[in-house]
4 protein chains.
Amino acid sequence: MMSRDKILDAAARMFSRSGYHRSSMDEIALEAGVAKGTLYYHFPGKAQMFQALITEGLQMITETIKAEIDRDRSLREQIETVIRLNVDLFLEYSELAHIFFNEISNGIEEDVLLAVRKERSAYNQFIADILIDAGIPPEDGPMAAAGILSMMDGLCSYYLRHPSEAKREQIDRLLYAAVTTGLRPM
Amino acid sequence: MMSRDKILDAAARMFSRSGYHRSSMDEIALEAGVAKGTLYYHFPGKAQMFQALITEGLQMITETIKAEIDRDRSLREQIETVIRLNVDLFLEYSELAHIFFNEISNGIEEDVLLAVRKERSAYNQFIADILIDAGIPPEDGPMAAAGILSMMDGLCSYYLRHPSEAKREQIDRLLYAAVTTGLRPM
Amino acid sequence: MMSRDKILDAAARMFSRSGYHRSSMDEIALEAGVAKGTLYYHFPGKAQMFQALITEGLQMITETIKAEIDRDRSLREQIETVIRLNVDLFLEYSELAHIFFNEISNGIEEDVLLAVRKERSAYNQFIADILIDAGIPPEDGPMAAAGILSMMDGLCSYYLRHPSEAKREQIDRLLYAAVTTGLRPM
Amino acid sequence: MMSRDKILDAAARMFSRSGYHRSSMDEIALEAGVAKGTLYYHFPGKAQMFQALITEGLQMITETIKAEIDRDRSLREQIETVIRLNVDLFLEYSELAHIFFNEISNGIEEDVLLAVRKERSAYNQFIADILIDAGIPPEDGPMAAAGILSMMDGLCSYYLRHPSEAKREQIDRLLYAAVTTGLRPM
DNA sequence: TATGAATGAGCCTTCATTCAT
DNA sequence: GATGAATGAAGGCTCATTCAT
């Protein structure tokens, strides 16, 4: 495995475990099994490394979701698939996803921040389009997507923090309900 | 105004503007108009200051909401009131609320973390009870509350980042819809 | 003695001994007998510390020279005095003087660089005025001053590097000659 | 053009533009259009590369000056020629010349430092001999040479920093005056 | 009660150098 | 001859915290 990938993997693990700021370049290098200088051989700095992680990760995710959706039939199944795949990702890379959707603004260079925000906007629009397809009014699309993704974040975090109380299928069910019938069954 | 209150006010402003980590003790002292040492006279450390802020702030908020709800009649109005008051708070103290609901985990002492989480759990339960009253299945209450609060966070953040696209009333409407009918109108 | 002065003293020693870049903040702190953080309590950064050193040092020097000159009578004595005092300074703070007159441009922030250059220009003009008083054509004043100060730097450096060959009085004599009769006696 | 020469050329440009320390091996390699490793194939290290540059450059210069001088007649013309050629060099390779005459001492290995100093001494003696021929007392020769070379450095730097104020011919004239009649016309 | 000078661990980054290919 | 990925020591700087007054 090449150094660059080892680093990106380690960074994903570290960021996902400890967040952006608490993951020091020393720790990432240690986790990746390379010297600290190697990080700077492959990336201009911490922020750009984060950006590469987001960009490359998101690309894979988007492609995965697109591929899965195309194979599905009913609208219901499509929404369920999108939810399931996203929740899987959230649960696997909880902190990283969390950072991506929330914490974007810390001591990061302006240009990197902009790039990451652009990625987030694009992903939000990607989800918005799916929601609009599913019947949500176009003018509500982007906000609804932002809302759903945040809710997903909140549910996953709650689930991870209360493993005994909550069940995995609850997450999917509540998300589906929020989109289709409301959390309150009628 | 006493030093302690000036500090707490300044901390709320700073945390709300720049987040927890980007607000340095120097800046908070400057904003409060006291010497840095004074912060440590009133609070054992930064984390404990944050904790005090959360605890005391939440107490006020909870009381406000309780008072408003008691005056309301219909279930619909109750939910709308809770949403409106919460959104108002989110929009005024966006970063601080954001921290409270999301970022809690950043190098903070374990005991403070626990205390803050406890506060959050209590608030989540407070909201959950209202939602259960509104017809949500009791076993879904806490998660639904977590989901709704996160969604609120996401919608407010989106609204603040896209002032031209989004409208304030959209936030309330989408939240209400997520609880009652689903984001997708039928 | 206050920390700030201890630091400035240590910095003068270190810069004078090893130049700007080879003097690390660690070493300066060690030499000053304070913690590294203390340097940053008193100065925003290394460059600003250097600037303070130059500014405050130059003020003292300028005042000393002015005081000595006023007491002198003949033009000849005035020039000799200026030369002697400057050479004394060069010999005591050789590297620092060297930096001030030469090395100004390394990795220093633009604004600090400008400030130091301004100081140098002012000092150059101060010397130029004296030279013009001494009979040098006004239009040659600033360049002649720059030339003489550099020559002084060169002679002092040579003297310090060849202690056995060169004599202190040679420096003064050659400088005086360069101004008045030419290095080549007629 | 062979790698070694491309590197030396690039190094001269970089050192001349940015000084010794601000020119990184990466930049030199980039400027030379070779890989970084190639630098280390041709030179043991940065310092030795610098040394080679000085040695080989100086050889050319010395030969050029010798050739020009032999063709001249009067003493006056000889001095003027030496001055002119040297000033030309200073203006073309300002930073590099500056380093050669001034900054030599920056974290460079002791042996390289010694070698460069030796080169400088030789060049100084070369100039000293010319000055002695021109009538300067032999015992003043080396110091006078050091003084003149430094003055030249100072005048050229001043000229480059104040392109609007100063004129090129002023440099030569002042230098000639310093040697022959004194800066102050009688 | 309040101050502010002083601290030092920890962080991100730079860069000359090495070495397997 | 030449390459470029990898290294690690060293540097400048931040900031929560301490403490004498």
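Values reported hereafter were calculated over all heavy atoms of this structure, with side chains retained and with hydrogens, waters and symmetry mates removed. Bear in mind the structure is a predicted one, so any value in this text is a computation, not a measurement. To find a chain, count down the sequence lines: A is the first, B the second, and so on, and within it residues start at 1.
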Give the rounded distance in Å between these two atoms: [atom1] of [X] and [atom2] of [N].
X: C/I28; N: F/dA10; atom1: CD1; atom2: P; answer: 17 Å
X: C/H42; N: F/dT14; atom1: NE2; atom2: P; answer: 16 Å
X: C/F50; N: F/dG12; atom1: CZ; atom2: P; answer: 14 Å
X: D/Q48; N: E/dA16; atom1: CD; atom2: C1'; answer: 11 Å
X: C/M49; N: F/dG12; atom1: CE; atom2: P; answer: 9 Å
X: D/Y20; N: E/dT14; atom1: OH; atom2: C1'; answer: 15 Å
X: D/L39; N: F/dG4; atom1: CG; atom2: C1'; answer: 12 Å
X: A/E109; N: E/dT13; atom1: CD; atom2: C1'; answer: 11 Å

Residues in side chain to side chain contact (heavy atoms under 4.5 Å, CB included) with B/L89, at least two apart? B/I61, B/Y93
Between which residue ranges does DNA chain F form stems of three or more consecutive Watson-Crick or G-U wobble pairs, both distances under 3.5 Å? E:2-21 with F:2-21
Would you call C/K36-C/E27 a salt bridge at under 4.0 Å N-O?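 Salt bridge flag = no for C/E27 with C/K36.
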Can C/R17 and C/E31 be counted as an ion pair, charged N to O under 4.0 angstrom? yes
Tabulate protein N/O versus nucleotide N/O from nucleotides 8-11 of chain E, keeping only pairs under 3.5 Å, one per line.
{"unit_1": "E/dG8", "atom_1": "N7", "unit_2": "C/G37", "atom_2": "N", "d": "3.3"}

Using atom P in both nucleotides, what's the gap between F/dT21 and E/dT1 to the nearest angstrom?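 That atom pair is separated by 22 Å.
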Check for me whether the distance between the ring centres of A/F90 and A/F101 falls short of 6.0 Å. yes
If you check every side-chain atom of C/Y40, which of F/dA2, E/dT13, F/dG12 has the closest atom?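 Shortest atom-to-atom distance from the side chain points to F/dG12.
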Between A/M2 and B/A47, which has a closest nucleotide on DNA chain F that is more 5'?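 On the 5' side of the pair lies A/M2.
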